[in-house]
Number of protein chains: 2
Amino acid sequence: MNKYNKPMGLAKTEIFTDLQNEIAVISKAFGHPARVAILQHLFKMDTCVCGDLVSEIGLAQPTISQHLKELKLLGLIKGNVEGTSVCYCIDSENWTKMKAIISQFLDQDLSNKNCC
Amino acid sequence: MNKYNKPMGLAKTEIFTDLQNEIAVISKAFGHPARVAILQHLFKMDTCVCGDLVSEIGLAQPTISQHLKELKLLGLIKGNVEGTSVCYCIDSENWTKMKAIISQFLDQDLSNKNCC
DNA sequence: TTTGTTCATTGTAATATTACGATTAATATT
DNA sequence: AATATTAATCGTAATATTACAATGAACAAA
């Protein structure tokens, strides 16, 4: 810490509403093309993808693993161990919930907003 | 640079599609609660907001200015100089475009995705 | 002309994020 | 048991992001 009430590199989440923080956290998960690519791939596949994400996307295995961890922590995907490999897929229920939160934010009324 | 083909702290955007990168860039703009709060405030106001964002949100003026710059650079908001103050508002046209891009990503088909 | 107001810019401190090599853990396979 | 496979974790290097004080630029008002 330092002379500031909060360290400089850290977002001041406590001054915002829960909804504002929630929108930010979800959006941040979509804020890297690798995670977008992972999610798109999981949607494209009819079955679960068991670890071919590394060859599919083109980043090193630890990097993909790190991105998967973030998505799993947030709840957007689920991962099941199957022998030596792990089966990942979209968490439909949570995806729907988070989609609702983001959609509500995106769908704000645009009438009378062309004033500049 | 270093022994890696790309410096470590930098996203490898060139291995992803334009759409994937676009989704990531837009999402990243929503990835901080201050920017969410700014956008919500601009939506809430019927008229343009002329600089009361600092007192409204509770971050220092340079910090708000920095966030506004990012949103303006991306095209989500417009800023018009009016005397000594600056008038900000949502860029309706761009907002609609970006909403379509994100919505398409969020609206992917969820049927047969509960395999784990 | 001086003073005040408003906002952008610069500089800087600190944490966050991204990426990958090396290693570990767990399970299959031989 | 020994080996191979798969994915997580650890450690580390580098850039990105966040926040704010100090300053500057533009304009209004006195």
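The shown structure was predicted, so the numbers you read here are calculated from the model rather than taken from an experiment. Within every chain, numbering begins at 1; the chains are lettered A, B, ... in the order of the sequence lines, protein sequences first and strands thereafter.
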Distance check needed: [N] [atom2] versus [X] [atom1], whole Å only.
X: A/L71; N: C/dT18; atom1: CG; atom2: C1'; result: 14 Å
X: B/R35; N: D/dA16; atom1: CZ; atom2: C1'; result: 12 Å
X: A/K12; N: C/dT15; atom1: NZ; atom2: P; result: 15 Å
X: B/I77; N: C/dC7; atom1: CD1; atom2: C1'; result: 13 Å
X: B/K69; N: D/dA19; atom1: NZ; atom2: C1'; result: 15 Å
X: A/K72; N: D/dT9; atom1: NZ; atom2: P; result: 8 Å
X: B/L73; N: C/dA8; atom1: CG; atom2: C1'; result: 14 Å
X: A/L68; N: D/dT9; atom1: CG; atom2: C1'; result: 14 Å

Tell me, do B/I38 and B/L71 make a side-chain contact under 4.5 Å, heavy atoms counted?
yes

Toward the 5' end of DNA chain C, by each residue's nearest nucleotide, B/F16 or B/G51:
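With B/G51 and B/F16 compared, the 5'-side residue is B/G51.
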
Taking the side chain of [X] as heavy atoms from C-beta outward, which of [options] is closest to it?
X: A/L10; options: C/dA8, D/dA8, C/dT15; answer: C/dT15
X: B/T84; options: C/dC7, D/dC20, C/dT5; answer: C/dT5
X: A/A60; options: C/dC20, D/dA8, C/dA19; answer: C/dC20

Pick base, sugar-phosphate or nothing for [X], based on heavy-atom distances below 4.0 Å to the nucleic acid.
X: B/L59; value: sugar-phosphate
X: B/S65; value: base
X: B/K28; value: sugar-phosphate
X: B/S85; value: sugar-phosphate

Quick one about A/Q40 and B/Q108 (side-chain donor to acceptor, distance below 3.5 Å, no hydrogens or angles considered), yes or no?
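Per modelled atom types, B/Q108 and A/Q40 side chains form no pair under 3.5 Å.
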
Applying the Watson-Crick and G-U wobble criteria at under 3.5 Å, what pairs with C/dT30? Answer none if nothing qualifies.
D/dA1

With a 4.0 Å cutoff (strictly under), does any side-chain N or O of A/H67 reach OP1 or OP2 of C/dT17?
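So the side chain of A/H67 is outside the cut-off, no N or O lying under 4.0 Å from OP1 or OP2 of C/dT17.
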
Can you tell me if the side-chain N/O atoms of B/H32 get under 4.0 Å from OP1 or OP2 in D/dA19?
yes

Kindly check if the number of other-residue, nucleotide or ligand heavy atoms within 6.0 Å of CG (B/D107) is above 12?
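Yes, CG of B/D107 has more than 12 neighbouring heavy atoms, counting only those of other groups under 6.0 Å.
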
Of the non-hydrogen atoms in A/L74 and A/M98, which two are nearest, and what is the gap between them?
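Distance-wise, the nearest heavy atoms are O-CE, 3.1 Å.
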
Is there a donor on the side chain of A/Q61 or the base of D/dA8 sitting less than 3.5 Å from an acceptor on the other?
yes

Where the side chain of A/R35 meets the backbone of A/A29, is there a donor-acceptor pair that is under 3.5 Å apart?
yes

